[in-house]
Amino acid sequence: MDAMTQIELPAWHRDRVALIGDACGCLTLVSAQGVSMAMAGAYVLAEELAAADHRTAFARYERRLRPEVVRRQRNARLFAGALVPATRTGLAAQNLMSRFVMRDAFAPLLRRRFGADSILPA
(Lines give C-alpha, C1' and ligand atoms only; values in the text may rest on other atoms or scores of the structure.)
Protein backbone atom coordinates (compact mmCIF):
# COMPACT_ATOMS: atom_id res chain seq x y z
CA MET A 1 0.00 0.00 0.00
CA ASP A 2 1.06 3.51 -0.68
CA ALA A 3 0.36 6.53 1.51
CA MET A 4 -2.20 9.15 0.54
CA THR A 5 -0.97 12.66 1.21
CA GLN A 6 -2.71 16.00 0.99
CA ILE A 7 -0.68 19.21 0.95
CA GLU A 8 -2.17 22.50 2.13
CA LEU A 9 -0.34 25.64 1.01
CA PRO A 10 -0.65 29.01 2.75
CA ALA A 11 -0.45 30.86 -0.59
CA TRP A 12 -0.90 29.82 -4.21
CA HIS A 13 1.11 32.61 -5.81
CA ARG A 14 4.36 34.47 -5.45
CA ASP A 15 5.77 37.15 -7.71
CA ARG A 16 4.80 36.20 -11.29
CA VAL A 17 4.00 32.53 -10.59
CA ALA A 18 0.57 31.12 -9.70
CA LEU A 19 -0.27 27.48 -9.05
CA ILE A 20 -3.40 25.76 -10.35
CA GLY A 21 -4.91 22.30 -10.03
CA ASP A 22 -3.18 19.77 -7.80
CA ALA A 23 -0.17 22.06 -7.50
CA CYS A 24 -2.19 24.30 -5.16
CA GLY A 25 -5.26 22.28 -4.17
CA CYS A 26 -3.87 18.77 -3.92
CA LEU A 27 -7.29 17.18 -3.62
CA THR A 28 -5.82 13.64 -3.85
CA LEU A 29 -7.26 10.76 -5.80
CA VAL A 30 -9.76 10.26 -2.96
CA SER A 31 -11.69 13.37 -3.93
CA ALA A 32 -11.92 12.54 -7.63
CA GLN A 33 -11.94 16.30 -8.22
CA GLY A 34 -8.39 17.06 -9.42
CA VAL A 35 -9.01 17.50 -13.14
CA SER A 36 -12.27 19.40 -12.80
CA MET A 37 -10.79 21.77 -10.22
CA ALA A 38 -7.68 22.29 -12.38
CA MET A 39 -9.87 23.24 -15.34
CA ALA A 40 -12.04 25.50 -13.20
CA GLY A 41 -8.94 27.08 -11.67
CA ALA A 42 -7.47 27.79 -15.11
CA TYR A 43 -10.76 29.34 -16.20
CA VAL A 44 -11.00 31.56 -13.11
CA LEU A 45 -7.35 32.57 -13.37
CA ALA A 46 -7.79 33.48 -17.05
CA GLU A 47 -10.85 35.58 -16.19
CA GLU A 48 -8.97 37.45 -13.49
CA LEU A 49 -5.87 37.99 -15.67
CA ALA A 50 -8.09 39.46 -18.39
CA ALA A 51 -9.53 41.92 -15.87
CA ALA A 52 -6.45 43.09 -13.95
CA ASP A 53 -2.67 43.04 -13.58
CA HIS A 54 -1.13 39.75 -12.45
CA ARG A 55 -0.76 40.73 -8.77
CA THR A 56 -4.42 41.66 -8.44
CA ALA A 57 -5.54 38.74 -10.61
CA PHE A 58 -3.59 36.16 -8.58
CA ALA A 59 -5.05 37.45 -5.31
CA ARG A 60 -8.62 37.47 -6.70
CA TYR A 61 -8.18 33.99 -8.20
CA GLU A 62 -7.08 32.59 -4.85
CA ARG A 63 -9.88 34.38 -2.98
CA ARG A 64 -12.48 32.95 -5.36
CA LEU A 65 -11.21 29.38 -5.43
CA ARG A 66 -9.71 28.74 -1.99
CA PRO A 67 -13.02 28.28 -0.08
CA GLU A 68 -14.14 25.59 -2.52
CA VAL A 69 -10.75 23.85 -2.53
CA VAL A 70 -10.69 23.87 1.29
CA ARG A 71 -14.19 22.35 1.36
CA ARG A 72 -13.24 19.64 -1.12
CA GLN A 73 -9.97 18.90 0.71
CA ARG A 74 -11.94 18.46 3.94
CA ASN A 75 -14.40 16.12 2.21
CA ALA A 76 -11.50 14.10 0.75
CA ARG A 77 -9.96 13.68 4.23
CA LEU A 78 -13.28 12.51 5.62
CA PHE A 79 -13.77 10.09 2.74
CA ALA A 80 -10.19 8.74 2.95
CA GLY A 81 -10.97 6.95 6.22
CA ALA A 82 -13.84 5.13 4.56
CA LEU A 83 -11.91 4.37 1.38
CA VAL A 84 -8.83 2.98 3.11
CA PRO A 85 -9.92 1.58 6.48
CA ALA A 86 -7.15 0.96 9.02
CA THR A 87 -8.78 -1.96 10.86
CA ARG A 88 -10.64 -5.17 10.08
CA THR A 89 -13.75 -3.66 11.64
CA GLY A 90 -13.40 -0.64 9.36
CA LEU A 91 -13.04 -2.93 6.35
CA ALA A 92 -16.17 -4.86 7.34
CA ALA A 93 -18.08 -1.57 7.75
CA GLN A 94 -16.83 -0.41 4.35
CA ASN A 95 -18.02 -3.59 2.67
CA LEU A 96 -21.44 -3.32 4.32
CA MET A 97 -21.89 0.37 3.48
CA SER A 98 -20.78 -0.07 -0.14
CA ARG A 99 -23.70 -2.44 -0.71
CA PHE A 100 -26.11 0.38 0.11
CA VAL A 101 -24.30 3.52 -1.02
CA MET A 102 -23.66 2.36 -4.58
CA ARG A 103 -27.37 2.18 -5.35
CA ASP A 104 -28.94 4.76 -7.67
CA ALA A 105 -30.98 6.27 -4.83
CA PHE A 106 -27.78 7.56 -3.19
CA ALA A 107 -26.34 9.26 -6.32
CA PRO A 108 -27.77 12.75 -5.61
CA LEU A 109 -26.49 12.65 -2.03
CA LEU A 110 -23.01 11.60 -3.14
CA ARG A 111 -22.87 14.33 -5.80
CA ARG A 112 -23.85 16.98 -3.25
CA ARG A 113 -21.50 15.70 -0.56
CA PHE A 114 -18.43 15.28 -2.72
CA GLY A 115 -18.75 18.38 -4.86
CA ALA A 116 -19.73 17.25 -8.32
CA ASP A 117 -21.48 20.59 -8.72
CA SER A 118 -19.65 23.25 -10.76
CA ILE A 119 -17.93 26.22 -9.20
CA LEU A 120 -18.23 28.15 -12.45
CA PRO A 121 -21.20 30.33 -13.33
CA ALA A 122 -23.81 28.73 -15.57
Can you give each donor-acceptor pair under 3.5 Å made by side-chain atoms of residues 52-60, sequence neighbours left out, with the distance rounded to 0.1 Å?
{"from": "Asp53", "atom 1": "OD1", "to": "Thr56", "atom 2": "OG1", "distance (Å)": "2.9"}
{"from": "Asp53", "atom 1": "OD2", "to": "Arg55", "atom 2": "N", "distance (Å)": "3.1"}
{"from": "Asp53", "atom 1": "OD2", "to": "Thr56", "atom 2": "N", "distance (Å)": "3.3"}
{"from": "His54", "atom 1": "ND1", "to": "Arg16", "atom 2": "NH1", "distance (Å)": "3.1"}

Exercise: identify the closest heavy-atom pair between Leu19 and Tyr61: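 Reported closest heavy-atom pair: O-OH, 2.6 Å.
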Please determine whether residues Val70 and Leu65 belong to a single hydrophobic cluster, defined as Ile, Leu, Val, Met, Phe, Trp and Tyr linked transitively by side-chain heavy-atom distances below 4.5 Å. no
Among all residues two or more places apart in sequence or in another chain, which pass the side-chain hydrogen bond (donor to acceptor under 3.5 Å, both in side chains) test with Glu62?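 Partners of Glu62 under the side-chain hydrogen bond (donor to acceptor under 3.5 Å, both in side chains) test: His13, Arg66.
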How long is the gap from CZ on Arg71 to CD on Glu68, to the nearest 0.5 Å?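 If I round to the nearest 0.5 Å, the distance is 4.0 Å.
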